[in-house]
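The structure appears right after this line, and notes come after that.
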Amino acid sequence: MSIDLSQFFEVFFEESFEGLDAMEAELLNLRPGEEDSETINTIFRAAHSIKGGSGTFGFTSVSDFTHVLETLLDQIRDGRRKLTSEHINLLLQSVDCLRAMLSALQNQSEPDPTESQKLKAQFEAILGIESEAGGEEVLSEAEPDKLTFQIDFKPHAHLFKTGNEPLYMIGELAELGDLETQAFHDGIPPFDEFNAEDCYLAWRFFLTTTAPETAIHEVFEWVEDDADISVQLCGGLFEEFDDDLDKEIAATISSKDTPKSVETIEHEPAENITAQVKEEKAPSATAAAQPALSAKPSTSTPKTQDNTSTSIRVGIDKVDSLINMVGELVITQAMLSQLGEQDMTDSTISALQEGLAQLAHNTRDLQESVMRIRMLPISFVFSRFPRLVRDISQKLNKQVELKLLGEQTELDKTVMEKISDPMVHLVRNSLDHGIETPEQRIAAGKDPVGTLTLNAFHQGGNIVIEIMDDGQGLNTDKIKQKAIANGLINEDDELSSEEVNELIFRPGFSTADTVSDISGRGVGMDVVRRNIQALNGSVEVSSARGVGSTFTIRLPLTLAILDGQLVQVAEHTYIIPLISIVESLQIDVKKVSRVGKNLDVLRLRDEYIPILRLFDIFNHDGAIEELDKSLLVVVESDNQKVGLLVDDLLAQQQVVIKSLEANYKRVDGISGATILGDGRVSLIIDISGLVKLSGLRKPGSQELVLDPNLAEAIS
Amino acid sequence: MLNETALQTALNQRLGHGEAHDEKQYLTFLMAGEEYGVDILSVQEIRGWSSATAIPNSPSFVKGAINLRGTIVPIIDLRLRFGIEPIAYGPLTVVIVVKVDFKEQSKTMGIVVDGVSDVYSISEDTAKDVPDFQESSSSQYVDGLVNVGEKMVVLLNLQKTLQI
């Protein structure tokens with residue numbers, strides 16, 4: 001076959017990484033002694049698929065390594081070997097190793113063999129013990145004499161469609177010893193019945209080798225269901241060919257497996273690998289549709305240097321709805337162009353307006369559907385944590401139970417990719433510094449097993465991710481001392497415990513020496529916060545001594561688009577995210593009171609809303625300063641309501657978010673910029689940043705500084 | 001990035017006059033009667049002044065941000081940056097859009113100048129250091145001074161000038 005297989009590499013890598021994820025997840029579910037054969041089967045199948053695929057594509061280093069892994073799994077599956085935790089650890093390491101190897105191959109470089117050889121040796125050591133204990137391998141080792149096997153290999157006609165290539169198997173056989181090959185082509189049908197993608201050939205091999213018979217079976221393991229295979233010992237002598245057998249082979253080929261599903265044959269063979277892998281995982285109705293989908297983006301995307309996958313798997317329903325919408329759009333367009341050809345009368349104008357409204361509706365629907373395609377459940381990120389938690393807690397001799405909540409919460413893929421690193425950091429911190437050792441926990445009267453909970457949910461236009469541990473909490477005294485030592489605060493500064501906790505996010509804090517265990521909690525926290533802020537998100541910590549800590553990450557659902565309310569402040573136009581707006585109103589001056597020197601508060605029903613003068617905060621001249629002539633936009637951020645004083649409300653529209661930071665720098669109170677319909681730039685207000693900027697809330701405190709006393713002061 | 005730098009070097013060499021490999025081309029512009037030069041390879045385009053959207057709480061020399069074909073580009077008034085008396089913007093006011101490589105990323109920014117002057121090939125060797133006046137804060141933005149004929153040209157260090 002002279003098909004360029006490289007075009008299918010991406011599909012293979014994607015499948016393999018998925019397979020590895022599945023293996024990892026299942027391995028983490030395994031408990032020695034109570035293993036479930038279905039779990040082992042799943043792991044085995046995933047390994048098997050990777051081995052088969054890598055063999056097909058000629059990645060021998062991967063297939064060789066997977067081979068030993070598979071042998072061990074096979075023995076466990078057959079009950080020949082008891083599963084131990086050592087096995088699980090080794091298999092998990094192998095998953096990592098395979099991941100690294102495949103990433104290297106994906107980046108078109110040779111994988112580093114050191115790790116895989118080390119692991120392979122460990123596997124062989126385990127498997128070797130078995131063979132000494134008696135078995136066929138011992139036999140072959142004891143008699144290194146050469147034996148000759150007669151191997152009949154009659155592939156079923158659909159062999160190519162399962163992504164298998166006899167040539168590679170023959171190559172593998174040839175590596176075992178001296179190989180004589182005889183091909184039978186009697187099965188080739190007359191030309192007009194010939195299907196180029198069916199396999200009509202059969203082979204008989206005579207292999208003279210020192211390798212055990214099992215080694216031969218392993219060569220064909222991948223195709224055992226797709227071919228008739230027989231292996232016989234011929235006593236070291238070549239036998240005469242049996243003509244009857246030839247005919248028999250030919251008969252088998254022509255009678256069995258005549259093209260079953262011609263319509264699917266149009267796919268290239270490697271796509272069928274996908275199909276097969278899919279079917280092994282879950283023989284669902286979508287299996288046939290999936291490969292075509294996943295193959296498309298991967299062939300069009302260029303090779304990337306990092307190993308993040310550049311394609312997404314999309315449910316067919318999402319694509320269907322897109323196609324529907326495009327259909328609608330085309331109809332609207334046809335209608336409008338028809339109108340354009342007519343003379344303008346009142347009735348055509350009103351029809352045109354109608355058409356434009358419909359167009360606006362269609363565009364919006366289409367946009368939402370496209371956004372939906374990028375939305376993936378957060379389980380894509382969460383799924384890496386069981387492993388991480390297992391590894392770290394083992395290393396630290398801690399017992400930790402991981403709870404995952406809200407795994408189906410959907411999130412934009414770009415946000416997801418960027419949030420996983422900060423999350424890993426926070427989880428690691430919780431395990432390292434939050435959760436105590438079992439002894440400490442028992443001493444503190446707690447369950448020796450600590451709990452780490454990851455929770456994701458939607459709140460307004462945001463996604464909230466919580467990382468909760470029931471550990472010892474932050475030690476405010478130590479943090480404060482550390483901060484004083486680092487010159488971040490003065491000794492006589494009076495800080496609330498929230499403000500102290502906030503210190504761990506300070507850049508200076510991360511450079512603190514990590515002798516005391518609690519200060520380690522600050523290592524890199526500034527980076528975590530910066531990364532999250534770069535996503536227009538925020539992170540907060542709340543902690544209770546001895547009870548635990550909770551880190552709360554708030555992120556926008558998508559980084560691309562938001563619904564905005566355009567407002568006017570002097571001659572400037574700003575955009576307030578619609579999602580944060582509670583209401584907009586004219587101020588009744590009688591309900592405004594002044595607190596302290598310059599804070600105005602509006603009594604709105606049962607609440608007191610601090611009034612922030614946007615023009616003041618942003619240093620703009622020429623805005624309306626009288627309260628009764630301007631408008632108040634009440635917004636909510638982090639459960640706090642504030643009112644923004646603006647001159648006027650303009651239109652509401654969806655805006656595409658552009659970065660101001662890319663060419664300038666971060667501006668407090670501004671989350672980004674956008675371009676309005678007339679080409680002007682308009683800035684998007686970052687509500688929580690604005691509140692901080694106004695000085696209403698001290699950085700990091702959960703409450704408005706004035707809030708509790710405020711009500712009393714006024715009432 | 002590496003390739004881009006290599007490309008620039010190659011371009012530099014080609015633009016220079018053969019044997020003098022360290023010769024660079026500079027675009028010069030006028031400001032308050034003085035002539036300033038910037039590396040021509042960092043210049044993206046030259047455009048007229050169009051009103052910019054003010055950026056809150058930015059230094060006075062930041063005139064705001066404009067939309068440059070979909071990219072948000074901040075505009076810096078060089079007169080104000082150097083502490084020179086501002087003049088009213090007119091139809092001849094020029095914005096030079098430059099791309100500057102900072103340590104972490106390259107940024108596209110616009111600088112407002114009085115007018116564009118000329119393009120010179122200047123060998124960096126001939127540049128004289130700026131006299132180090134303690135008083136003058138602007139001297140830190142200058143790479144050197146060169147004579148072109150009778151005129152003196154101030155070679156600007158864009159990285160330092162546009163570091164905000």
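- Residue contact with chain A, scored on non-hydrogen atoms closer than 4.5 Å, is absent for Ser50(B).
- For the atom pair OG1 of Thr53(B) and CZ of Arg680(A), the computed distance is 6.5 Å after rounding to the nearest 0.5 Å.
- Of the possible donor and acceptor atoms, none in the side chain of Lys658(A) sits under 3.5 Å from a partner among the backbone N and O of Thr71(B).
- Neither the backbone nor the side chain of Val100(B) comes within less than 4.5 Å of any heavy atom in chain A.
- In this structure, no portion of Thr573(A) lies under 4.5 Å from any heavy atom of chain B.
- When all heavy atoms of Tyr574(A) and Ala54(B) are compared, the closest pair comes out as OH-O, 4.2 Å.
- More than 12 heavy atoms of other residues, nucleotides or ligands sit less than 6.0 Å from atom CD of Glu626(A).
- In this structure a side-chain-to-backbone donor-acceptor pair under 3.5 Å is present from Asn663(A) to Thr108(B).
- Residue Ser60(B) holds its OG atom at 11.5 Å from CG of Asn619(A), rounded to the nearest 0.5 Å.
- Side-chain atoms of Asn67(B) come within 3.5 Å of backbone atoms of Gly679(A) as a donor-acceptor pair (strictly under, hydrogens ignored).
- Counting heavy atoms from C-beta on, the side chains of Leu693(A) and Asn57(B) come closer than 4.5 Å.
- Panel note: side chain Lys107(B), backbone Tyr664(A); a donor-acceptor pair is recorded below 3.5 Å.
- Interatomic distance, CD1 of Ile55(B) versus CG of Leu683(A), reported as 6.5 Å (0.5 Å rounding).
- When the candidates Ala673(A), Ala662(A), Ser659(A) are compared by the number of heavy-atom contacts under 4.5 Å with chain B, Ala662(A) comes out ahead.
- Between the OG1 atom in Thr674(A) and the CD1 atom in Ile72(B) there is a gap of 7.0 Å [rounded to 0.5 Å].
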